[in-house]
Student: 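First the structure, then my questions, so here it is.
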Amino acid sequence: MPVSAQQYLVPVISNDEIIADHRVLTCYAPEVAALARPGHFLNVSVGDGYDPFLRKPFSIYTVNRERGEISMLFSIVGATTRGMAKKRAGDEIDLVGPLGGKIFQPDTREGATHVMVGGGYGVPPLVFLSKELLSAAASTNIEFIIGARHKDLLLCEAELAEAGVTARMTTEDGSHGMRGRVTDALRVVLAELGASPVTVYCCGPTPMMHAVSDLCLEVDVPCQLSVEVGMPCGMGVCMACVVDLADGRRVRCCTDGPVFAAGEVKW
Amino acid sequence: MVNTSVKIGKLTLRNPVMTGSGTFGFGSEMSEALDLNALGACVVKSTSREPRLGNPTPRIVETSSGILNAIGLQNGGIDNFINEKLPFLREYDVPIIVNLVGYEVADYVYLAERLTEAGGVHALEINISCPNVKHGCDFAVDPKLTFELITALRKATDLTLITKLSPNVTDVVSVGRAAADAGSDALSLINTLLGTAIDIRKRKFRLANVTGGLSGPAIKPVALRMVWQVHQALPNIPLVGMGGIVTAHDAIEFLLAGATAIAVGTATFINPTAAIDVAAGIEKFLEEQGIEDVNELIGAVTR
Ligand SMILES: Cc1cc2nc3c(=O)[nH]c(=O)nc-3n(C[C@H](O)[C@H](O)[C@H](O)COP(=O)(O)OP(=O)(O)OC[C@H]3O[C@@H](n4cnc5c(N)ncnc54)[C@H](O)[C@@H]3O)c2cc1C
Ligand SMILES: Cc1cc2nc3c(=O)[nH]c(=O)nc-3n(C[C@H](O)[C@H](O)[C@H](O)COP(=O)(O)O)c2cc1C
Ligand code: FES
């Protein structure tokens with residue numbers, strides 16, 4: 001499958017810190033906004049010359065198609081994200097995308113409940129997915145679980161509340177919401193939902209996704225995982241981003257994924 | 001109108017710009033990003049007899065102005081290429097060059113025969129030089145083995161043969177000469193330079209394979225020197241120059257050093273349209289400089 005590897009140099013509209021070392025960068029990119037779907041990502045360069053050399057992938061967080069705006073939520077960890085943090089309104093940012101082959105596929109079963117489980121910068125694509133589902137049908141059932149080590153690291157609670165979604169928060173130290181991990185909250189949610197149709201969508205740190213995947217397989221609930229591995233090209237041409245599947249195939253995360261079903265991935 | 005077309009063996013390319021094997025997938029992946037017909041030629045990922053799973057991850061790490069890769073030639077094998085990839089490529093009006101890799105002469109001969117029969121393939125690039133797999137370097141470091149391999153391939157196919165040289169040798173000219181003597185129509189160079197990188201906090205190698213091949217702007221001066229050296233020694237065989245080409249400026253340096261065509265590899269990862277941008281940039285340079293034919297540039301560097 002060819003990908004839409006178009007390059008855009010677009011103006012930044014805003015760039016705000018939301019919690020420590022995490023920012024939301026909004027830019028004017030109408031072509032990207034028109035194509036972007038939940039699970040897509042953008043390959044960003046802030047490179048001055050060849051440093052850093054490669055682009056880095058970031059999930060699409062919010063999309064405003066009328067205004068032609070998109071945003072990314074990023075955590076400052078290295079050269080690209082430090083460069084992104086310095087961008088001010090009016091500066092330009094260099095993007096390629098939207099990228100991604102298999103993205104989130106909403107459960108279309110009658111009365112299905114969509115359970116989002118996110119951690120860290122895995123939360124933003126799930127917020128996008130929830131908003132898309134709600135704008136297609138306001139009555140969509142959404143459960144949202146967000147996990148973090150500590151309350152100061154929890155993301156997107158207010159953004160979700162604005163969209164009418166009350167997220168269940170879990171913190172490992174109990175500083176906010178339920179004490180424990182997302183899987184503890186997920187067990188509760190799945191028990192509440194009983195035998196009704198449910199799909200879990202998960203994006204977050206790999207150990208979290210592994211645990212959520214195991215739980216969903218154990219209780220036999222379909223689960224879609226947005227897998228994170230290093231992606232040097234993001235376009236399916238370098239073969240560096242491979243993921244081993246349970247059936248023995250070794251596929252590219254960027255264009256054969258990044259969304260895989262639990263059970264499909266060999267951990 | 002300036003002439004941008006060049007000849008490599010039996011092939012006439014509309015411009016001197018090819019893609020670097022392993023950096024452009026099988027063409028289909030990039031077909032939305034750019035018009036494949038605007039390329040001089042489309043060179044696809046190394047293809048082997050049997051499918052290969054390649055190396056463990058991490059397979060690519062960033063270094064100063066470049067990357068190290070140890071993909072390990074992951075590919076779906078020749079049957080998959082002919083059945084799944086080639087039909088798509090046949091729809092385009094661009095020379096298709098398939099890069100071959102094998103363990104022994106018989107593998108290469110088998111692949112050449114299959115691809116000659118298949119139709120729709122215009123040339124074969126013979127990868128005798130991949131540094132990231134066991135036995136991958138056997139041919140490239142030895143002129144005698146290279147001669148035997150290319151002699152066997154020359155008997156097996158009428159397709160244009162391009163032998164891809166490794167920079168990881170003491171004397172690149174002698175390997176190039178052996179390939180030329182055995183009937184290779186052209187030489188391409190360079191493949192990646194063997195290197196490594198270390199995570200100082202973890203005290204571990206950053207690539208799972210420990211070593212990998214360096215590519216990107218970091219290797220351009222080395223590649224340019226090697227192209228010039230081989231062109232000096234073997235002025236009659238066309239060269240496909242590559243190694244760190246990002247801009248038309250880079251490409252024109254390679255043409256002046258003696259390359260008839262060039263390939264854009266790693267640059268595609270950063271700029272998906274790098275190859276066609278380089279082609280357009282070469283044409284613009286010719287117009288600006290009042291040069292009627294790109295062939296005037298080939299080997300035209302003076303001291
Ligand atoms: C599909 C996908 C979607 C993503 N979405 C988001 C998102 O929405 N928001 C977000 O914030 N991130 C996201 N990421 C992650 C993001 O792409 C990476 O964190 C990216 O590497 C950041 O780039 P950087 O240049 O700032 O940091 P880098 O320099 O790449 O550093 C990243 C991490 O690697 C470590 N590191 C750097 N250099 C070395 C070295 N030499 N040796 C060992 N470790 C090293 C750093 O300490 C840091 O922890 C996503 C990743 C994928 C694959
Ligand atoms: C990720 C990656 C994969 C590659 N795979 C192959 C390959 O399969 N066969 C081959 O002959 N060369 C392969 N190469 C080498 C390139 O074709 C090229 O010779 C080299 O990268 C130098 O050019 P560049 O600096 O423009 O990338 C690969 C290079 C990279 C970066
Ligand atoms: S990142 Fe290059 S193939 Fe996926």
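Since this is a predicted model, take the numbers as computed values, not measurements. Throughout, a chain's letter reflects where its sequence line sits, starting with A, and its residues are numbered from 1.
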Student: Considering non-hydrogen atoms only, spot the tightest contact between A/Ala5 and B/Ala33 and give its length.
Tutor: O-CB, 3.6 Å

Student: Between A/Tyr50 and B/Ser65, what is the shortest heavy-atom contact and its length?
Tutor: CB-OG, 3.6 Å

Student: If you count heavy-atom pairs within less than 4.5 Å of chain A, which of B/Pro217, B/Pro51, B/Ala218, B/Pro58 leads?
Tutor: B/Pro217

Student: Heavy-atom distances under 4.5 Å only: say whether B/Val61 touches chain A with side chain, backbone, both or neither.
Tutor: neither

Student: Taking atom CZ of B/Arg90 as the centre, report whether more than 12 heavy atoms of other residues, nucleotides or ligands fall under 6.0 Å from it.
Tutor: yes

Student: Does CZ in B/Arg203 sit with more than 12 non-hydrogen atoms of other residues, nucleotides or ligands closer than 6.0 Å?
Tutor: no

Student: Inspect the surroundings of CZ in A/Arg67 and state if more than 12 heavy atoms from other residues, nucleotides or ligands are less than 6.0 Å away.
Tutor: no

Student: Which heavy atom in A/Phe53 sits nearest to a heavy atom in B/Ile67, and how many Å separate them?
Tutor: CD2-CG2, 3.7 Å

Student: Considering non-hydrogen atoms only, spot the tightest contact between A/Arg55 and B/Ile270 and give its length.
Tutor: NE-O, 2.5 Å

Student: Can you establish whether the number of heavy atoms outside A/His150 located under 6.0 Å from its atom NE2 is more than 12?
Tutor: yes

Student: Do you know which two heavy atoms are closest between A/Val237 and B/Glu29, and how far apart they sit?
Tutor: CG1-CB, 3.8 Å

Student: Examine whether an atom of B/Thr268 lies under 4.5 Å from a heavy atom of chain A, and if so say whether it belongs to the side chain, the backbone or both; otherwise answer neither.
Tutor: both

Student: With chain A, which of B/Gly66, B/Gly54, B/Gly216 has the greatest number of heavy-atom pairs at distances under 4.5 Å?
Tutor: B/Gly66

Student: Is the count of non-hydrogen atoms from other residues, nucleotides or ligands lying under 6.0 Å from A/Glu218 atom CD greater than 12?
Tutor: yes

Student: Where the side chain of A/Gln6 meets the backbone of B/Glu32, is there a donor-acceptor pair that is under 3.5 Å apart?
Tutor: yes

Student: Report yes if the side chains of A/Cys238 and B/Asn69 come closer than 4.5 Å at any heavy-atom pair, otherwise no.
Tutor: no

Student: Tell me, do A/Arg252 and B/Gln74 make a side-chain contact under 4.5 Å, heavy atoms counted?
Tutor: no

Student: Ignoring hydrogens and angles, tell me if any N or O in the side chain of B/Glu62 forms a donor-acceptor pair with the backbone of A/Leu54 under 3.5 Å.
Tutor: yes

Student: Check the surroundings of atom CZ in A/Arg23: do more than 12 heavy atoms from other residues, nucleotides or ligands lie under 6.0 Å from it?
Tutor: yes

Student: Got a donor-acceptor contact below 3.5 angstrom from the B/Arg59 side chain to the A/Met239 backbone?
Tutor: yes

Student: Let me know if A/Val96 has heavy atoms under 4.5 Å from chain B in its side chain, its backbone, both or neither.
Tutor: side chain

Student: What part of A/Arg250 gets within 4.5 angstrom of chain B, counting heavy atoms only: side chain, backbone, both, or neither?
Tutor: both

Student: Between A/Ala240, A/Ser45, A/Gly49, which residue shows the highest count of heavy-atom pairs closer than 4.5 Å to chain B?
Tutor: A/Ala240

Student: Any chance you could measure A/Met235, atom CE, to B/Phe24, atom CZ, to the nearest 0.5 Å?
Tutor: 8.5 Å

Student: Counting only non-hydrogen atoms closer than 4.5 Å, does B/Asn75 touch chain A with its backbone (N, CA, C, O), its side chain (CB onward), both, or neither?
Tutor: neither

